[in-house]
Amino acid sequence: MGGVYCMKKFKVIDIKGVKLGDGIVKICYPVTSATAEAILDEMNYVKDQPCDIVEWRVDFYEDAHDEEAVFALLPKIREIIGDSRVLMFVVRTADEGGNKTFERAYYFQLINRAIDSGLIDIIDIEYYSGRQNYKKEIEHAKEKGVVSIGSQHIYGGTPNAVEMVDIIDMIHGRADIAKLAVLSQNRKDTERVLEAGRMLLDYENTTSPFILIAMGEAGTETRRTDKFFGSCLSYCQGRDSMSPGQLPLDDLVEMRKKVLEQ
């Protein structure tokens with residue numbers, strides 16, 4: 001399915017003018033630098049780039065296990081990128097392909113404090129991070145006006161399309177946006193992901209935006225911004241590309257530009 005395909009039944013989530021769910025694939029730039037100096041340097045770079053969302057992957061920060069260090073850095077990040085930029089706060093655990101292992105209690109301390117900080121716009125919370133705490137923090141985010149992404153990352157292969165639809169539907173039960181990323185090892189795996197996206201577009205219960213990604217080189221098609229199959233967001237390559245199949249920011253911007261000019 002090529003081009004822009006806007007499903008009017010979607011609830012469009014507008015974050016500082018970035019509209020997720022309007023049929024146009026938005027672009028997220030992930031900052032994965034390790035040191036405070038490098039993170040701030042990359043933020044200075046990305047603030048002027050044509051992406052829609054800036055993602056701070058806290059798990060790549062060398063002091064991620066020091067809560068005070070994390071929240072001493074966050075205001076500096078916001079100051080650099082400015083109030084008009086959409087900032088996503090992500091702590092990806094090793095269980096979900098992240099760069100570090102985190103105790104669950106500490107993971108939720110970071111999530112909770114980030115929501116309370118007033119400095120972020122989107123929070124990513126792993127769906128299987130702990131049922132009671134997950135539900136609590138999703139509600140907390142709503143109370144504070146922070147958009148929530150419920151996420152799951154599957155590295156053991158690609159489920160069938162119906163299973164993927166069920167997972168997205170399940171996550172949508174609480175989070176504003178459901179995210180599912182699965183490992184694609186070949187073209188058939190990617191086709192199943194694309195099929196799941198098309199099913200979600202036609203599924204009457206799908207009223208909120210979703211993110212659906214086939215990870216790996218074979219899944220590059222799911223990251224394109226000119227082939228809308230339902231997924232509202234694509235993650236581009238950052239300064240240190242962290243995921244095979246991600247495309248450079250300039251390429252994604254150019255793809256989308258051509259679609260919008262049609």
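In this chain, residues are counted from 1 in sequence order.
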- request: Tell me, with the steps shown, if Arg113 and Glu67 meet salt bridge (Lys or Arg N to Asp or Glu O under 4.0 Å).
  value: CA-CA 9 Å; Arg113 189 163 170 181; Glu67 183 179 350; 3.1 Å; yes
Looking at every non-hydrogen atom in both residues, tell me the closest pair between [X] and [Y] and how far apart they are.
| X | Y | value |
| --- | --- | --- |
| Thr222 | Phe229 | O-CE2, 3.6 Å |
| Ile123 | Ala114 | CD1-CB, 4.1 Å |
| Ala175 | Ser148 | CA-OG, 3.5 Å |
| Gly230 | Leu201 | CA-CD2, 3.8 Å |
| Glu42 | Ser33 | OE1-OG, 2.6 Å |
| Arg57 | Asn99 | NH2-N, 4.4 Å |

Set of residues satisfying salt bridge (charged side-chain N to carboxylate O under 4.0 Å, His left out) with respect to Arg223, sequence neighbours excluded: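 Not a single residue meets the salt bridge (charged side-chain N to carboxylate O under 4.0 Å, His left out) criterion with Arg223.
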Taking only residues two or more places apart in sequence or in another chain, which ones pass side-chain hydrogen bond (donor to acceptor under 3.5 Å, both in side chains) with [X]?
| X | answer |
| --- | --- |
| Ser151 | Arg92, Asp124 |
| Asp95 | Arg104 |
| Glu62 | none |
| Glu37 | none |

Measure the spacing between [atom1] of [X] and [atom2] of [Y] and express it to the nearest 0.5 Å.
| X | Y | atom1 | atom2 | value |
| --- | --- | --- | --- | --- |
| Leu110 | Phe89 | CG | CZ | 5.5 Å |
| Ile81 | Lys47 | CD1 | NZ | 10.5 Å |
| Met215 | Gln246 | CE | CD | 10.5 Å |
| Ile27 | Asp251 | CD1 | CG | 10.0 Å |
| Ile39 | Thr32 | CD1 | OG1 | 9.0 Å |
| Leu252 | Lys257 | CG | NZ | 14.5 Å |

- prompt: Run the side-chain contact (heavy atoms from CB on, under 4.5 Å) check on Val70 and Leu74 step by step: do they pass?
  reply: CA-CA 6 Å; Val70 171; Leu74 184 58; 5.7 Å; no
- prompt: Stepwise, does the salt bridge (Lys or Arg N to Asp or Glu O under 4.0 Å) test hold for Asp226 with Lys258?
  reply: CA-CA 8 Å; Asp226 61 347; Lys258 290 179 179 178; over 6 Å; no
Measure from the side-chain N and O atoms of [X] to the backbone N and O of [Y], and report whether any donor-acceptor pair falls under 3.5 Å.
| X | Y | answer |
| --- | --- | --- |
| Asp14 | Lys19 | no |
| Asn44 | Leu40 | yes |
| Asp59 | Thr93 | no |

Measure the shortest side-chain to side-chain distance between [X] and [Y] over non-hydrogen atoms and say whether it is less than 4.5 angstrom.
| X | Y | result |
| --- | --- | --- |
| Leu247 | Gln237 | no |
| Val86 | Ile122 | yes |
| Tyr107 | Ser129 | yes |
| Lys142 | Ile138 | yes |
| Leu20 | Ile177 | yes |
| Lys179 | Leu212 | no |
| Val259 | Thr225 | no |
| Ile120 | Met88 | no |

query: With sequence neighbours left out, which residue pairs that include part of residues 137-174 fulfil the ring-ring contact (aromatic ring centres under 6.0 Å, His included) condition?
result: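 Qualifying pairs, neighbours excluded: none.
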Which residues share a side-chain contact (heavy atoms from CB on, under 4.5 Å) with [X], sequence neighbours left out:
| X | value |
| --- | --- |
| Asn186 | Lys188, Asp189 |
| Ala94 | Thr101 |
| Asp41 | Arg239 |
| Ala64 | Val58, Tyr61, Lys100, Phe102 |

field: Within 45° cone of Phe228 ring axis and under 6.0 Å: Lys26 NZ or CZ
entry: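 No, Lys26 and Phe228 do not form such a contact.
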- prompt: Can a salt bridge be assigned to the pair Asp52 and Arg256 using a cut-off of 4.0 Å between side-chain N and carboxylate O?
  reply: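 Looking at Asp52 and Arg256, the cut-off is met.
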- prompt: Is it true that Lys135 and Glu139 make a salt bridge, defined as a side-chain N closer than 4.0 Å to a carboxylate O?
  reply: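 No salt bridge links Lys135 with Glu139.
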Tyr235 vs Ile211, side-chain contact (heavy atoms from CB on, under 4.5 Å): CA-CA, chis, key distance, verdict: CA-CA 10 Å; Tyr235 296 76; Ile211 303 166; 3.9 Å; yes
field: Sequence neighbours excluded, every pair satisfying side chain to side chain donor-acceptor pair (under 3.5 Å) that has a member inside residues 78-87
entry: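 Listed once each, the pairs are Arg78-Asp121.
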message: Between Phe108 and Glu137, is the side-chain contact (heavy atoms from CB on, under 4.5 Å) condition met? List the steps.
response: CA-CA 8 Å; Phe108 280 108; Glu137 294 305 336; 3.7 Å; yes
query: Could you go step by step and tell me if Leu260 and Ile24 meet the side-chain contact (heavy atoms from CB on, under 4.5 Å) rule?
result: CA-CA 9 Å; Leu260 294 173; Ile24 301 171; 3.8 Å; yes
query: Between Asn160 and Glu163, is any side-chain donor less than 3.5 angstrom from a side-chain acceptor?
result: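 Looking only at side-chain atoms, Glu163 and Asn160 do form a donor-acceptor pair, the distance falling under 3.5 Å.
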message: With no hydrogens and no angle check, just 3.5 Å: does a side-chain donor-acceptor pair link Thr190 and Glu221?
response: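 No, no side-chain donor-acceptor contact under 3.5 Å.
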message: Going by ring-ring contact (aromatic ring centres under 6.0 Å, His included), name the residues that satisfy it together with Tyr134, two or more places apart in sequence or in a different chain.
response: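 With sequence neighbours excluded, Tyr134 shows a ring-ring contact (aromatic ring centres under 6.0 Å, His included) to Tyr127, given in chain and number order.
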